[in-house]
Number of protein chains: 2
Amino acid sequence: MSTATTSLPSEITSADLVAKTIREKILEGELEPGRRLQQDHLSDMLGVSRTPLRTALAMIAQEGLIDYEANRGYRVRAFSISEVRDAFAVRAQLEGFACRCAASRKVSEVTIAKFDALVTEGDRLLSGGTLDPSLLPAYRRMNVQFHQLIISLAGNSWIESFVRQTHNVPLVSDRIILWDDYDIIYRSHDDHHRIAKAIAQGEGIRAENLMIEHVIFAGKLLAEKLEMDPQGVLMSHGRTSNHSPKSHKNG
Amino acid sequence: MSTATTSLPSEITSADLVAKTIREKILEGELEPGRRLQQDHLSDMLGVSRTPLRTALAMIAQEGLIDYEANRGYRVRAFSISEVRDAFAVRAQLEGFACRCAASRKVSEVTIAKFDALVTEGDRLLSGGTLDPSLLPAYRRMNVQFHQLIISLAGNSWIESFVRQTHNVPLVSDRIILWDDYDIIYRSHDDHHRIAKAIAQGEGIRAENLMIEHVIFAGKLLAEKLEMDPQGVLMSHGRTSNHSPKSHKNG
DNA sequence: CCCCAGGAAATTGGATCCAAAATTGCCAAT
DNA sequence: ATTGGCAATTTTGGATCCAATTTCCTGGGG
């Protein structure tokens with residue numbers, strides 16, 4: 001239940017742990033784009049030697065989160081706004097395709113029950129007529145699970161892999177929901193209702209179209225925000241844990 | 001011109017060279033699925049120490065070509081037929097989307113010239129009314145360039161990355177053309193004609209549909225062959241270098 | 001005042017060394 | 001004869017060491 005869909009604790013190596021940590025730091029924005037990843041520095045930062053660190057860096061570079069230049073080390077990759085837009089465009093196609101695949105299969109009762117649970121959970125969280133910020137993590141989880149359920153229903157591991165990669169961009173992750181506007185989030189959850197029902201009833205094309213719009217709109221919203229305030233988006237995704245309050249050095 | 005679209009010789013590290021070599025060996029089938037990749041063995045096989053080798057293995061594992069288990073090493077990943085099918089399905093969607101993106105942009109004269117050159121080259125290679133096996137490498141190159149041109153025209157680096165990953169499956173690479181049937185290859189090249197023209201004229205949806213069928217059909221053909229003769233496909237993509245002629249153990 | 005050259009310091013890539021885990025083989029016991 | 005367990009060997013993962021490249025700083029020349 002609680003275990004993720006991907007890979008269970010097969011990673012006991014410190015290289016994997018280090019990779020996970022660094023990935024997290026980059027996606028959270030703690031390591032900002034362009035920043036050099038000094039091996040000596042990082043290795044004693046994380047309490048390991050350079051060997052597992054280098055393995056981790058090689059993996060993360062392969063994922064595309066950091067850039068590598070021979071003899072010049074790694075640095076956090078900077079994504080342009082247009083690359084973010086492109087990521088959403090492709091993700092929309094892929095998740096739309098996933099809907100179509102999912103709908104073309106026989107949907108079991110338990111699947112329908114899962115959809116129902118997720119959609120109902122969303123209803124509950126939004127029932128107040130406004131989204132309490134404290135409920136945002138819960139909504140986020142529900143959202144992630146909803147999208148993952150569809151992808152898993154499609155039964156095509158490539159989709160899963162590629163969609164996950166589109167999340168491998170700072171600020172683009174599903175975990176980030178920056179809809180301060182209740183109407184927008186309400187509408188988005190209404191999409192969930194329709195998509196779930198469409199898939200359950202075998203309406204593949206309709207589910208696909210809904211999903212494409214669902215994702216593209218979220219992308220447009222984010223791109224818009226990014227253009228207005230390239231830094232500020234980070235703030236709105238929780239994690240007010242910026243220990244030093246002097247973070248707003250807009251001088 | 002001749003330099004690839006991706007990354008130019010920024011890889012001077014032996015880890016990159018080793019990775020390229022191993023990748024090649026896997027895709028060529030020299031390292032068969034399930035085979036363990038013993039580090040000591042491989043490292044002196046390739047004339048490097050284990051350090052760059054391990055880096056290379058970590059990268060290739062990240063790409064999905066090999067599996068990894070902590071403390072138990074790497075082994076060549078085995079792809080099921082259905083995974084191969086899935087790869088083609090996703091690739092079809094992605095390349096179809098690339099066509100749509102490409103068509104939605106202004107196509108320059110030089111682009112049209114490039115299309116023309118490629119398509120004409122194909123015509124020339126097929127002009128004999130039968131495909132001389134010696135011309136197959138040339139046709140393969142043309143085919144790869146045609147698909148890459150469209151993807152680059154789409155201007156979405158994610159598509160490029162993901163499509164490349166779908167090629168990262170033994171037997172699925174664009175380099176492999178197993179159409180012994182002249183009619184089929186002729187029809188396939190006719191698709192090229194239509195797709196190029198459709199993109200040039202801004203007929204995005206039509207180009208998309210053509211491309212989807214173009215890719216899916218190739219996938220069906222391969223899947224069919226794989227089901228009939230899981231091993232034999234390797235033979236038909238050149239590289240008759242199987243030193244021992246006792247390879248046809250169909251008894 | 002700026003720019004280029006040269007050398008020192010820092011940093012990366014590769015090789016080697018060591019510990020921990022897994023695999024293998026052997027022997028005994030049922 | 002088969003199975004279970006114990007020990008030796010193999011193999012992997014991590015740490016350290018060394019060479020090579022890069023970066024940075026300084027000083028001299030234009």
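Computed from a predicted structure; not experimentally measured.
- Side chains of Asn168(B) and Leu27(B) form a contact here, defined as non-hydrogen atoms less than 4.5 Å apart.
- The pair Glu83(B)-Arg77(B) meets the salt-bridge criterion, since a charged nitrogen lies less than 4.0 angstrom from a carboxylate oxygen.
- When the side chain to side chain donor-acceptor pair (under 3.5 Å) test is applied to Glu32(B), the partners found at least two apart in sequence or on another chain are Arg35(B).
- Atom CD of Glu69(B) and atom P of dG13(D) are 11 Å apart (whole Å).
- Lys25(A) is linked by a salt bridge (Lys or Arg N to Asp or Glu O under 4.0 Å) to Glu30(A), counting only residues two or more places apart in sequence or in another chain.
- Once you apply a 4.0 Å limit to the heavy atoms of chain A, the touched nucleotides of DNA chain C run 5' to 3' over dT11(C) to dG14(C).
- Residues passing the side chain to side chain donor-acceptor pair (under 3.5 Å) test with Gln62(A) are Glu63(B), sequence neighbours excluded.
- When the C1' atoms of four end pairs are superposed on the next four at each end of the helix from dC1(C)-dG30(D) to dT30(C)-dA1(D), using five pairs per end, the two resulting axes differ in direction by 20°, to 10°.
- Here the two rings, on His147(A) and His214(A), have centers that are under 6.0 Å apart.
- Dashed line: the shortest gap from a side-chain N or O of Tyr68(B) to OP1 or OP2 of dG13(D) is under 4.0 Å.
- Contacts of Arg75(A) classified as side chain to side chain donor-acceptor pair (under 3.5 Å), with partners at least two apart in sequence or in another chain: none.
- The pair Glu224(B)-Arg85(B) fails the salt-bridge criterion, with no side-chain N (NZ, NE, NH1 or NH2) lying under 4.0 Å from an Asp/Glu carboxylate O.
- With sequence neighbours excluded, no residue forms a side chain to side chain donor-acceptor pair (under 3.5 Å) with Ser14(B).
- For Phe146(B), the ring-ring contact (aromatic ring centres under 6.0 Å, His included) partners are Phe115(B), His192(B), not counting sequence neighbours.
- For the pair Gln39(B) CD and dG13(D) P, the interatomic distance rounds to 5 Å; values are reported in whole Å.
- Taking the salt bridge (Lys or Arg N to Asp or Glu O under 4.0 Å) definition, one finds that Arg36(B) meets it with nothing, sequence neighbours left out.
- For the segment residues 52-67 of chain A, the set of residues with a heavy atom within less than 4.0 Å of an atom of DNA chain C comprises Arg54(A), in numerical order.
- Summary of the strand contacts: Arg50(A) and Tyr74(B) both lie near DNA chain D, and taking for each the nucleotide with the nearest heavy atom, the more 5' one is attributed to Tyr74(B).
- Counting only residues at least two apart or in different chains, side chain to side chain donor-acceptor pair (under 3.5 Å) contacts with residues 43-56 of chain B comprise Gln39(B)-Arg50(B).
- Of the residues near DNA chain C, Thr51(A) and Leu37(A), the one whose nearest nucleotide (by heavy atom distance) lies more toward the 5' end is Leu37(A).
- At a threshold of 4.5 Å between non-hydrogen side-chain atoms, the residues Tyr68(B) and Thr13(A) count as touching.
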Pairs under 3.5 angstrom, nitrogen or oxygen only, protein versus nucleotides 21-25 of chain D, please.
| residue | atom | partner | partner atom | Å |
| --- | --- | --- | --- | --- |
| dT23(D) | OP1 | Arg72(A) | NE | 2.5 |
| dT23(D) | OP1 | Arg72(A) | NH2 | 3.0 |

